[in-house]
Amino acid sequence: MNSQDIHHIREFDRFYTRIFRLTDKYHLQTTLTLLEARLLLEIAENGYNTANQLVQVLRVDKGYLSRILKRLEERGLLAQTPAELDKRSKILSLTDAGNEQLAIINQRSDEQVRSLFTNLTGSETKQVISAMQFIEEHVTKIKE
């Protein structure tokens with residue numbers, strides 16, 4: 001890969017980050033950071049319910065994750081209960097308030113995507129989705 005290719009990829013990354021406002025302090029005008037919102041999603045919708053699973057899927061430092069989980073628990077969005085088989089391990093679940101916050105995030109995220117793609121035809125939208133799928137299928141996964 002030459003330096004111009006790298007430049008174009010990095011340029012797209014900056015575009016993507018800007019267009020989805022991923023550097024905003026709080027995600028989608030909530031009181032949560034992007035990582036906090038992502039944690040709620042992973043726990044509730046993707047079935048990752050232990051800190052070790054979240055560390056692996058999100059590739060985040062275990063100590064940093066622990067502090068964020070504690071903060072979410074203190075805010076009443078997350079519950080941690082000892083696992084039945086190993087009391088040292090905690091099972092993570094969203095509280096009612098956490099589920100409500102996730103519903104808001106999902107609704108706002110859907111609105112954001114709808115707004116960004118509103119000027120595309122159905123055919124153009126399918127092209128964009130196809131390009132996204134191509135990237136997902138062909139770009140090498142990050143190695144640890």
Side-chain angles (χ1 to χ4, degrees), residues 1-118 120 124-144:
M1 178 177 287
N2 65 42
S3 61
Q4 188 174 14
D5 291 340
I6 291 169
H7 173 76
H8 287 300
I9 291 168
R10 292 184 65 207
E11 192 173 83
F12 179 80
D13 183 53
R14 289 188 297 274
F15 161 78
Y16 182 87
T17 301
R18 184 180 65 251
I19 200 81
F20 281 102
R21 302 182 64 164
L22 299 179
T23 56
D24 285 359
K25 182 174 182 177
Y26 296 111
H27 186 54
L28 297 168
Q29 291 119 24
T30 65
T31 59
L32 298 172
T33 66
L34 177 61
L35 181 56
E36 290 168 337
R38 177 72 184 271
L39 288 170
L40 297 183
L41 175 82
E42 294 297 342
I43 292 166
E45 295 184 8
N46 295 335
Y48 298 110
N49 64 358
T50 67
N52 285 336
Q53 289 173 329
L54 292 167
V55 163
Q56 289 176 357
V57 74
L58 297 175
R59 300 178 190 272
V60 63
D61 177 76
K62 195 171 189 172
Y64 181 52
L65 176 68
S66 178
R67 290 188 299 276
I68 293 172
L69 293 174
K70 183 177 181 186
R71 190 166 56 232
L72 290 171
E73 186 176 28
E74 289 170 351
R75 292 175 62 189
L77 301 175
L78 178 72
Q80 299 188 53
T81 56
E84 286 187 28
L85 297 177
D86 183 356
K87 301 295 182 196
R88 296 170 298 168
S89 184
K90 306 282 187 200
I91 302 299
L92 307 170
S93 61
L94 300 192
T95 62
D96 288 343
N99 281 310
E100 289 172 17
Q101 188 68 55
L102 182 58
I104 291 168
I105 291 165
N106 281 332
Q107 176 190 9
R108 290 180 183 172
S109 188
D110 289 352
E111 290 169 4
Q112 181 185 49
V113 170
R114 196 172 288 113
S115 172
L116 288 171
F117 287 78
T118 193
L120 297 182
E124 290 170 330
T125 300
K126 288 187 186 329
Q127 284 180 308
V128 170
I129 292 169
S130 178
M132 291 173 175
Q133 290 170 332
F134 183 88
I135 291 169
E136 283 187 56
E137 293 168 7
H138 292 86
V139 174
T140 304
K141 302 287 183 202
I142 298 173
K143 295 183 181 175
E144 302 240 4

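Bear in mind that the values here come from a model prediction, so they are computed numbers and not experimental data.
- Other residues, nucleotides and ligands contribute more than 12 heavy atoms inside 6.0 Å of the CZ atom of Arg14.
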Give the table of side-chain donor-acceptor pairs shorter than 3.5 Å for residues 15-25, with sequence neighbours excluded, one pair per line with atom names and distance.
| residue | atom | partner | partner atom | Å |
| --- | --- | --- | --- | --- |
| Thr17 | OG1 | Asp13 | O | 2.8 |
| Arg21 | NE | Asp24 | OD2 | 2.9 |
| Arg21 | NH2 | Asp24 | OD2 | 3.1 |

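- Of all the heavy atoms in Leu35 and Tyr64, the pair that sits closest is CD2-CE2, 3.5 Å.
- Between the CD1 atom of Ile91 and the CD atom of Gln53 there is a distance of 7.5 Å, given to the nearest 0.5 Å.
- The side-chain heavy atoms of Leu41 and Asn106, taken from C-beta on, include a pair separated by under 4.5 Å.
- Atom CG of Leu77 and atom CD of Glu36 lie 8.5 Å apart (nearest 0.5 Å).
- Contact annotation: the side chain of Thr81 never approaches that of Ser93 to less than 4.5 Å [non-hydrogen atoms, C-beta and beyond].
- The OG1 atom of Thr125 lies 9.0 Å from the CD atom of Gln127; values are rounded to the nearest 0.5 Å.
- Around atom CG of Asp96, no more than 12 heavy atoms belonging to other residues, nucleotides or ligands sit under 6.0 Å away.
- Taken from CG in Leu34 to NE2 in His27, the straight-line distance is 5.0 Å, to the nearest 0.5 Å.
- Glu45 is listed as a side-chain neighbour of Leu102, based on a closest heavy-atom distance under 4.5 Å.
- Applying the 6.0 Å contact sphere to CD of Glu84 captures no more than 12 heavy atoms from other residues, nucleotides or ligands.
- Shown here for Leu94 and Ala44, the closest heavy-atom pair between the two residues is CD1-CB, 3.4 Å.
- Asn46 places no side-chain N or O within donor-acceptor distance of the main-chain N or O of Tyr48, the cut-off being under 3.5 Å.
- Once rounded to the nearest 0.5 Å, the distance linking CZ of Arg114 with CG of Leu116 reads 11.5 Å.
- Within a 6.0 Å radius of CD in Gln4, other residues, nucleotides and ligands contribute 12 heavy atoms or fewer.
- Side-chain contact between Leu58 and Leu39 is present, with heavy atoms from C-beta onward closer than 4.5 Å.
- Note: Gln112 CD to Ile105 CD1 = 12.0 Å, rounded to the nearest 0.5 Å.
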Stepwise, does the side-chain contact (heavy atoms from CB on, under 4.5 Å) test hold for Leu69 with Lys90?
CA-CA 11 Å; Leu69 293 174; Lys90 306 282 187 200; over 6 Å; no
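- A donor and an acceptor atom, one from each side chain of Thr30 and Arg108, are nowhere located under 3.5 Å apart.
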Pair Leu92, Leu54 - check side-chain contact (heavy atoms from CB on, under 4.5 Å), show working.
CA-CA 10 Å; Leu92 307 170; Leu54 292 167; 3.5 Å; yes
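- One N or O on the side chain of Thr95 and one on the backbone of Gly76 form a donor-acceptor pair closer than 3.5 Å.
- In this structure, the side chains of Leu28 and Ile104 stay at 4.5 Å or more apart for every pair of heavy atoms.
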